[in-house]
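Everything quoted here is computed from the prediction, not taken from an experiment. Letters A, B, ... are given to chains in the order of the sequence lines, protein chains preceding strands, and every chain is numbered from 1.
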Amino acid sequence: MKEYDHKKIEKKWQILWEKKGIYHAQNKSKKKKYYSLIEFPYPSGDGMHVGHIRSNTAMDIISRKRRMEGFNVLYPIGWDAFGLPTENYAIKTGKQPAVITKKNTDTFRRQLQSIGFSFDWSREINTTDPKYYKWTQWIFLQFLKKGLAYKAKMTINWCPKDKIGLANEEVINGCCERCGTTVEQREKEQWMLAITKYADRLYEDLDDVDYLPQIKLGQRNWIGKSEGAEIEFKISSPIPGMGEKVKVFTTRPDTIFGATYLVLAPEHQLVQKLKSQIPNWKEVEKYIEETKSKTEIDRKIEDKIKTGVELKGIKAINPATKEEISVWIADYVLSTYGTGAIMAVPAHDERDFAFAKKYNLEIKNVIEPIFVNNPKEDLHFVEREAIHAIVKHWTEEKYLALKWKKVDWLTFVTGGVESGENTKDAAIREIQEETGYQNIKLIKELPRSHSKFYHEPKKENRFAHFSNFYFQLINDEQKELSQEEKEIHELRWMTIEDLEKEMTIGGALRDLENLQGKEKFYLGNGIVTNSGRFDGQDSEKAKKEIVKFVGGKIKTTFKLRDWIFSRQRYWGEPIPVIHCEDCGMVPVPEKDLPVELPKVKNYQPTDSGESPLANIAKWVNVKCPKCKGKANRETDTMPNWAGSSWYYLRYTDPKNKKEFANKKNLKYWTPVDWYNGGNEHTTLHLLYSRFWHKFLYDLKLVPTNEPYMKRTSHGMILGGGGVKMSKSLGNVINPDDIVKTYGADTLRLYEMFMGPFNQSVAWSEEAIIGPRRFLERVWKIGKQVAEPDTFTQSLGPSLRSATPSQKHTGSAMSVSKLLNKTIKKVTEDIEEMRFNTAVSTMMILVNEMDKNEVSIKDFKKFLQILAPFAPHITEELWGVLGEKKTIHLSEWPKWDKNFIQDEEIKIAVQINGKVKAEIMILLDEDEESIKKKVFANETVLKQIAGKEIKKVFYVKNRLLNIVL
RNA sequence: GCCCGAGUGGCGGAACCGGUAUACGCGCACGACUUAAAAUCGUGUCUCGCAAGGGAUGUGGGUUCGAUUCCCACCUCGGGCACCA
């Protein structure tokens, strides 16, 4: 076997590895543990998608590297097999879901094994296995015990086609996520999980984990935490003592003096209570009816047009101003959020503003914007230059602001000078010089915690005194405003953010016309006005006191709702509950778990909205565990999110019959160190499993507060032309074909090489040949290195001609150097998931090795860094080179620092920023001697002839720029 | 509408704490080997220009000695959220 034949070596090694169990994780080990996780696949009938391979390969590379770094690695695999696709297929074909699942998982297993992933197959799990879902049901019972699982009458989203209740998150634009049918509203008893009880922890604990920023943001947005206040408004009544009260929730209590009317959600119960006092009740009732019949789609079409009806005869008292204000109902106020009622402040809220405009309600301004610098990290608030930079960037605008607004002081935030300097004096002097204002007073130094924000951690030690200050500039040169300035004055309604965007230096006046067209409401913070004794205060700081003043309560509200946990379908975990005529709802005793799914003939859901399980009398009719009387089983099943909410825990002890996992194993393996998965699961699945984990943590059943230490996500693989792969388009790539023609190693390498891991990339049938050629070259060099003498003769005629007649000799050193650089780059790139550049770096090395003499030692090191990417070919060549033990448990190579930097390097010579020449210099050569070289260069001399050199910039070991 | 992310050769993409734009791969062209083809190897491949020199990182501005990278506005594409007070 001389030529690279992937078919022979790949199968061989896959069998051998499994036989020796080299990828099996040990529950006890002297080594440090590492738990790497991928989302377990849903085994669909279509077989594996090339997208699965991308994610799996990435974590496989990381897992393999960790093993070589001496870790005891757990990289498990299983099947998330409950759910609709299988059930729908069962309905269509009449086959049993369990049978279909078995067939599909067999296919997936075979496919995954053919690609050489280093999964620990001994820990394979399946959510539809009664031995597994016994514990899903068990955990549910714990929720029930703690009162976190409950039944409630809910208007649910009902898909008339799938005949299934949908969670809010499964409704996309008012349509069913799966089939696209318009969703209806139905009232139904549903099982709920009280995830809202954990909302705050789910939000706050994100600080402690290493998720990609956008993932954290997604989680936070979904939870939707807002801190605000609940404030009571009295409803005035002609009959003394009959007055009602209404609570509103607001995040802006500081604007309460500007609350000029009150709006209730049409469903608000107070509306019905007040019925007798409302003279225009007919009109009101009509509006309520209209709202009820409105579907999500209708609301969408209406878009942002606000509608509402005034409750005539009803007035509320603004607790701040004590003035009477009108009361309205409008469907822009949601009954399900906050208290279902709001105080409307049209001057400082976009929706209230629109509503007030439409119905001609009073708009009362109570916040004046101020121009407070909102310094951003990127402005480099360090070093002396920082002050220059800030002042330079902001003074002009500040100065204008002073004139426009006729204010006599402004805040300035600045700070940060080198150690040993007096920061305050330096800052004040800078501002005096730059602004011309002499009358500057320091008002306030920000607390230490605040200044942390501006710190650059790497440079920390350089700045002993780092502070931020508010300065007061006294405007001692009040001028009359010119016409132009008066116009600018009108801008005060703009948000600070807008102003910051619009007013670049020198551009402030130019873009004026654009700005003046905008609507006049102001959302930002500022100075409180028109608010009695609070006038002049900073709005943010005034909040607390105003809440106190009106007798309100500080409150935090979340967008997150409780989780609708039941499905009226067959293919899910039965909810382990029995309904008894006498005892009511009785949990199935733990000893009777699992409640197994019965085999049925018909999986068609009932139109009544009940699960198909309801039709199986034999299964439904049971004795009550408590009184032994007549009772019925709960026929709802759990959603697919259930089994996947805790599967990573089961991997630590997959066969345990006594508990969901042994405590020792959990203690050793959790938390998951690195979890990679799709973007589509970064909100819900992650949130749900974090919730379950925290719940189990509270029961002291798991040792950590969070399940996953690190979470990353991969981009999708698209079909040619950048469209999604789908059966209907016929652009689905079958990995089996690729493995057959090119081999698993090539497929793995190609998927890593095709583009940045976190972005979606289009599959290219043509480009895959590149990685294949690369591996052929690796093979050829490997053979040459192994048998340098006999190699050329023993080759077939086709390969012999391919071998360069002469190898460059004496350049083993340069290959070694490049190898060391490559080891460094690959080592670092893998950690950052920059697999594409890791591969390209290895390609460069191989091209070089092909041209030059390579030592066995060097080649082996190269094989080791390639091994996680292409496990089969490297293992084979490793053996060919005389190694007896597997390459995959060998020690990850280190790079030699001394080898990495060249002694002689090429730098660019620029003239006015354009590259004109290149010269060779010694590493770290001193500037003077480089200049000598440069000014001896012909091209340079020609360019600078007769011109005056203004300045010369030298960037160490990089370039030299001559400014003329 | 709002919030993220991205726009670089024929194509996938590299470079981004501001410092030689187009690494690596695909494709294409020419050459070597071959009776021939495939495979392989070699050379070339942003663009205008004979050259000297220009011009190009979605568009237009700004900061800078120097910008694909930072700032502002706009355009296009992808993803998420959509009246959450």
Looking at every strand, decide which applies to [X] at a 4.0 Å heavy-atom threshold: base, sugar-phosphate, or nothing.
| X | value |
| --- | --- |
| A:Asn847 | sugar-phosphate |
| A:Lys950 | nothing |
| A:Asn836 | sugar-phosphate |
| A:Lys916 | sugar-phosphate |
| A:Asn221 | nothing |
| A:Arg834 | nothing |
| A:Ile342 | base |
| A:Val915 | sugar-phosphate |
| A:Thr557 | nothing |
| A:Lys559 | base |

Under 3.5 Å, N/O pairs linking protein and nucleotides 4-12 of chain B:
residue	atom	partner	partner atom	Å
B:G12	O2'	A:Met754	O	2.5

Measure all distances between protein nitrogen or oxygen atoms and nitrogen or oxygen atoms of nucleotides 26-30 of chain B, and list the pairs falling under 3.5 Å.
residue	atom	partner	partner atom	Å
B:C26	OP1	A:Arg773	NH1	2.5
B:G27	OP2	A:Arg773	NH1	3.3

With the six-membered base ring of B:C83 as reference, does the ring of A:Tyr332 sit under 5.5 Å away with planes under 30° apart?
no

Sequence neighbours excluded, which residues qualify as salt bridge (charged side-chain N to carboxylate O under 4.0 Å, His left out) partners of [X]?
| X | answer |
| --- | --- |
| A:Glu948 | none |
| A:Lys821 | A:Asp902 |
| A:Glu848 | none |
| A:Lys559 | none |

Per [X] side chain, nearest of listed nucleotides [options]:
| X | options | result |
| --- | --- | --- |
| A:Pro756 | B:C24, B:U20, B:G13 | B:G13 |
| A:Ile844 | B:C81, B:C24, B:U40 | B:C24 |
| A:Thr837 | B:C81, B:C65, B:A14 | B:A14 |

With a 3.5 Å cut-off and sequence neighbours excluded, list the donor-acceptor pairs that the side chains of residues 908-921 of chain A form with protein atoms.
residue	atom	partner	partner atom	Å
A:Asn912	OD1	A:Leu964	N	2.9

Salt bridge (charged side-chain N to carboxylate O under 4.0 Å, His left out) partners of residues 746-762 of chain A, not counting sequence neighbours, each pair once
A:Asp60-A:Arg748

Inter- and intrachain pairs under side-chain hydrogen bond (donor to acceptor under 3.5 Å, both in side chains), touching residues 765-775 of chain A, at least two apart:
A:His6-A:Arg772, A:Arg772-A:Glu776

Answer yes or no for A:Lys306 and A:Phe355: cation-pi contact, defined as NZ/CZ to six-membered ring centre under 6.0 Å and angle to ring axis within 45°.
no

Rounded distance in Å between the C1' positions of B:U20 and B:U57
15 Å

